[in-house]
Amino acid sequence: MLPHWARCFVKAFLRARRNKKSNSVNERLKNLEKLISFHFPVDKVPQATGKLRLLQEGNATLLALFAKKCRENNINFWLDYGTLLGAVRHKGFIPWDDDLDVSMTRQDFDELLKKLPELFPASEGFSWKLHVFLQITVDGTPLSLDIYPYHFYHEPLSAQNKVGIDAAITRFKKSVVLITPLVNYTDSEIQDKIAKEILNGKPALDSSESPAIFLSPAIEFTKNTVLAYEDIFPLKQMSFEGVEYNVPNHSRQYLQFFYGDYMSYPPTLAYKHPSVEHMVKHLPFEDSVNKFIDTYGSST
């Protein structure tokens, strides 16, 4: 039997070999990633396959249904975040994306909230959750649509007041989201705080006066977002999964603001939501999603 010092030496030697091999593999993977990113454009990546693609097709049906109901009720929205990026870069879903993001003005958001029970009734398998944004889901499926409210400011955006609005939003986030994350504000309480702390008690301008527009500052996972009216309006049209939808007036500048170099690969190619990844890999949802597509796909 080897003495203790010899056993320790052998273990250290074997560990060093494993680490060297692991480092070698990691270096090869990094070189492969560089080769792909430099020579295979991200907008040419093929669409997803299998269950993830079925999930995307179900979400595309949900988005078309949502658009139809909004159109019938004079509610306007635009594609946002990963869904907007998918429209600009892929003309559809980002190949590894798994949900939908849209935005609308707070006025349209309030109108949607009033009509939710009739537009997306629980009796037809729809559910919704109101956080500081609205989430519409379909029971028994991973289908999901997130709707984010933007507020009009009481002035057009200028270089001078942008600094003040940013500072007010930062203070708001610290008091509502970052420092006291366990405080359970209601939607009406959030609106009261926005009116007092962001709008300074002044009424928001009408859209005809081209006011600044800002994302609800209670949404913690985005950067401070205050934009000129012209960044969003007038809305334009863009194809997403073969259907035309509204998008911001300056979509590419908007994506640059949020993502930086949005035409490059992200650091990792992965599911956006771990819960969806678990469903795709481990839970059979094909029947429920196919049923949803069969039920609503032809009516949109």
Side-chain angles (χ1 to χ4, degrees), residues 74-85 87-88 101-113 130-134 146-181 183 185-238 246-262:
N74 296 314
I75 296 172
N76 292 310
F77 71 91
W78 60 89
L79 304 186
D80 212 336
Y81 305 114
T83 306
L84 176 61
L85 177 56
V88 169
D101 302 305
V102 303
S103 292
M104 58 180 59
T105 66
R106 182 68 208 200
Q107 292 92 327
D108 282 321
F109 191 81
D110 288 338
E111 189 65 21
L112 177 62
L113 292 180
L130 179 60
H131 314 283
V132 289
F133 62 95
L134 176 67
D146 295 339
I147 304 117
Y148 298 93
Y150 271 77
H151 299 258
F152 285 132
Y153 195 58
H154 57 75
E155 296 175 358
L157 186 66
S158 66
Q160 291 74 28
N161 65 17
K162 185 180 188 307
V163 175
I165 302 170
D166 273 334
I169 290 175
T170 298
R171 288 192 297 270
F172 187 103
K173 282 183 177 289
K174 286 182 177 179
S175 65
V176 174
V177 179
L178 302 179
I179 294 179
T180 54
V183 175
Y185 287 96
T186 65
D187 182 61
S188 61
E189 288 170 334
I190 291 289
Q191 302 322 303
D192 289 342
K193 285 181 70 65
I194 288 173
K196 180 181 178 181
E197 299 176 18
I198 309 295
L199 296 174
N200 302 317
K202 299 176 183 178
L205 292 184
D206 182 83
S207 61
S208 63
E209 299 173 277
S210 302
I213 183 168
F214 61 94
L215 178 66
S216 175
I219 297 173
E220 62 179 309
F221 49 82
T222 66
K223 62 173 70 176
N224 286 1
T225 308
V226 55
L227 303 163
Y229 181 88
E230 295 78 16
D231 290 332
I232 304 293
F233 304 102
L235 296 171
K236 293 182 178 177
Q237 292 258 298
M238 191 173 291
N246 287 335
V247 297
N249 183 33
H250 297 150
S251 291
R252 292 179 179 273
Q253 293 93 319
Y254 184 81
L255 290 172
Q256 184 72 32
F257 170 77
F258 275 107
Y259 298 109
D261 184 8
Y262 62 89

Checklist entry - When rounded to the nearest 0.5 angstrom, what distance separates CG in Leu205 from CD1 in Ile213? => result 12.0 Å
Item to check | Side chain Lys173, main chain Ile219, donor-acceptor under 3.5 Å | outcome: yes
Checklist entry - Closest approach of Ile194 and Pro217, non-hydrogen atoms and distance? => result CD1-CD, 3.7 Å
Checklist entry - Can you check whether Ala228's main-chain N or O pairs, donor with acceptor, with Asp231's side chain at less than 3.5 Å? => result yes
Next on the checklist: Rounded to the nearest 0.5 Å, what separates atom OG in Ser103 from atom CG in Asn246?
Outcome noted: 12.0 Å
Item to check | From Asp192 atom CG to Asp187 atom CG, the distance as rounded to the nearest 0.5 Å | outcome: 9.5 Å
Item to check | For His154, all residues meeting side-chain contact (heavy atoms from CB on, under 4.5 Å), sequence neighbours excluded | outcome: Leu199, Asn200, Lys202
Checklist entry - Where is the tightest heavy-atom contact between Asp206 and Pro211, given as atom of each residue plus distance? => result O-CD, 3.5 Å
Item to check | Test of ring centre spacing under 6.0 Å for Trp78 and Tyr150 | outcome: yes
Item to check | Taking every non-hydrogen atom, the tightest pair across Leu134 and Leu112 | outcome: CD2-CD2, 3.8 Å
Checklist outcome for this item: Which of Tyr259, Phe133, Phe258, Tyr262 passes ring pair (Phe, Tyr, Trp, His ring centres under 6.0 Å) with Tyr81? It is Phe258
Item to check | Heavy-atom side-chain contact between Ile169 and Leu215 under 4.5 Å | outcome: no
Item to check | Non-hydrogen atoms of Leu79 and Pro248 that approach each other most closely | outcome: O-CD, 3.7 Å
Checklist entry - Between the main-chain N or O of Pro156 and the side-chain N or O of Asn161, is there a donor-acceptor pair closer than 3.5 Å? => result yes
Next on the checklist: Test your reading of the model: is there a side-chain donor-acceptor pair from Asp108 to the backbone of Ile75, 3.5 Å cut-off?
Outcome noted: no
Checklist entry - What's the shortest heavy-atom distance between Ala218 and Val176, and which atoms? => result CB-CG1, 4.4 Å
Next on the checklist: Distance alone, cut at 3.5 Å: any donor-acceptor contact between the side chains of Tyr254 and Asp80?
Outcome noted: yes
Next on the checklist: Asn76: which residues meet the side-chain hydrogen bond (donor to acceptor under 3.5 Å, both in side chains) condition with it, sequence neighbours left out?
Outcome noted: none
Item to check | pair Glu209-Phe152: side-chain heavy atoms closer than 4.5 Å | outcome: no
Checklist outcome for this item: Minimal heavy-atom distance between Glu230 and Ser210, with the atoms involved, is OE2-CB, 3.9 Å
Checklist entry - Side chains of Thr225 and Tyr148: does their closest heavy-atom pair fall under 4.5 Å? => result no
Checklist outcome for this item: So NZ of Lys236 and OG of Ser251: to nearest 0.5 Å the spacing works out to 7.5 Å
Item to check | Phe109 CZ to His151 NE2 distance, which is reported to the nearest 0.5 Å | outcome: 8.5 Å
Checklist entry - Do Glu111 and Met104 come within less than 4.5 Å of each other through their side chains, counting heavy atoms only? => result no
Next on the checklist: Quick one, Glu197 with Ser175, criterion side-chain contact (heavy atoms from CB on, under 4.5 Å). Give me CA distance, side-chain angles, the key distance, then yes/no.
Outcome noted: CA-CA 11 Å; Glu197 299 176 18; Ser175 65; 4.3 Å; yes
Checklist entry - Among Ile198, Asn224, Leu227, whose side chain to side chain contact (heavy atoms under 4.5 Å, CB included) with Phe214 holds? => result Ile198
